[in-house]
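Worksheet: one structure, shown below.
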Amino acid sequence: MHNYEEKLNDLKRRLEYAKNKRIKAETRLEQLQIQKRELMNEIKKLGFEPDNLEQEIKNLENEILSLINEAESLMPKDI
C-alpha cells in the first residue's frame with residue numbers, strides 16, 4: 001500500500017522550507033542592495049566615481065611609488 005499522506009506531508013515540509021529559504025534570500029538581497037547604494041553614495045561624497053575606482057586606485061598606487069622614489073633619491077647615498 002502506498003503512503004500518499006506521508007509523501008504529501010514530506011512535500012509540504014520541503015515546500016515550506018524552500019519558501020523560507022527564498023524569503024531569507026530575498027531579504028538578504030534587499031539588505032545588500034541598500035548597503036550597495038549607501039557605499040556608492042559614500043564613494044561619491046569622497047569625490048570619486050564608483051565606476052572609476054580601479055583606475056583611481058592604480059593612480060594612487062603610482063603616486064605613492066613616485067613619492068617613495070623621490071624620497072629615496074633625496075636621501076644621501078652614503079647612509
Side-chain angles (χ1 to χ4, degrees):
M1 180 193 265
H2 297 284
N3 193 344
Y4 296 116
E5 189 175 333
E6 209 174 283
K7 287 184 179 185
L8 283 173
N9 285 335
D10 184 53
L11 285 173
K12 286 179 186 178
R13 181 188 58 76
R14 290 168 48 201
L15 178 61
E16 194 63 34
Y17 177 79
K19 284 180 183 179
N20 287 336
K21 293 290 273 184
R22 187 192 80 218
I23 290 169
K24 287 180 182 178
E26 288 172 346
T27 301
R28 182 68 178 136
L29 177 61
E30 288 175 22
Q31 292 170 341
L32 290 172
Q33 288 171 334
I34 290 169
Q35 188 177 13
K36 179 182 177 182
R37 280 193 300 272
E38 290 171 352
L39 288 172
M40 294 298 182
N41 287 335
E42 283 296 315
I43 290 169
K44 287 179 181 179
K45 284 180 185 177
L46 292 172
F48 300 102
E49 282 300 316
D51 294 338
N52 298 333
L53 282 182
E54 285 187 45
Q55 186 58 48
E56 289 291 340
I57 291 170
K58 287 178 185 176
N59 291 344
L60 290 171
E61 287 174 342
N62 288 337
E63 186 177 346
I64 289 169
L65 185 59
S66 175
L67 290 170
I68 288 172
N69 288 337
E70 182 180 346
E72 285 177 341
S73 73
L74 296 173
M75 295 295 287
K77 302 289 185 216
D78 57 351
I79 294 181

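For the 3.5 Å distance criterion, the side chains of Gln55 and Asn59 qualify, holding a donor opposite an acceptor.
Without hydrogens or angle criteria, Ser66 side chain to Asn62 main chain gives no donor-acceptor distance under 3.5 Å.
The pair Lys58-Glu54 fails the salt-bridge criterion, with no side-chain N (NZ, NE, NH1 or NH2) lying under 4.0 Å from an Asp/Glu carboxylate O. Taking a cutoff of 4.0 Å between a charged side-chain nitrogen and a carboxylate oxygen, Asp10 and Arg13 qualify as a salt bridge.
Going from atom CE of Met40 over to atom CD of Glu49 covers 10.0 Å, rounded to the nearest 0.5 Å. Rounding to the nearest 0.5 Å places CD1 of Ile64 at 12.0 Å from CG of Asn69. Atoms NZ and CG, on Lys36 and Asn41 in that order, are 12.0 Å from each other to the nearest 0.5 Å.
Contact of the Glu63 side chain with the Leu67 side chain is registered, since non-hydrogen atoms from C-beta on lie closer than 4.5 Å.
Using a 4.5 Å cut-off between side-chain heavy atoms of Ile, Leu, Val, Met, Phe, Trp and Tyr, with links allowed through other members, Leu53 and Leu46 fall into the same hydrophobic cluster.
Taking both residues in full, the closest heavy atoms of Glu72 and Lys77 are given as O-NZ, 4.3 Å, listed atom of the first, atom of the second, then distance.
The only option from Glu6, Lys7, Glu5 that meets the side-chain hydrogen bond (donor to acceptor under 3.5 Å, both in side chains) definition with Asn3 turns out to be Glu6.
Heavy-atom neighbours of Gln33 CD from other residues, nucleotides or ligands within 6.0 Å: above the threshold of 12.
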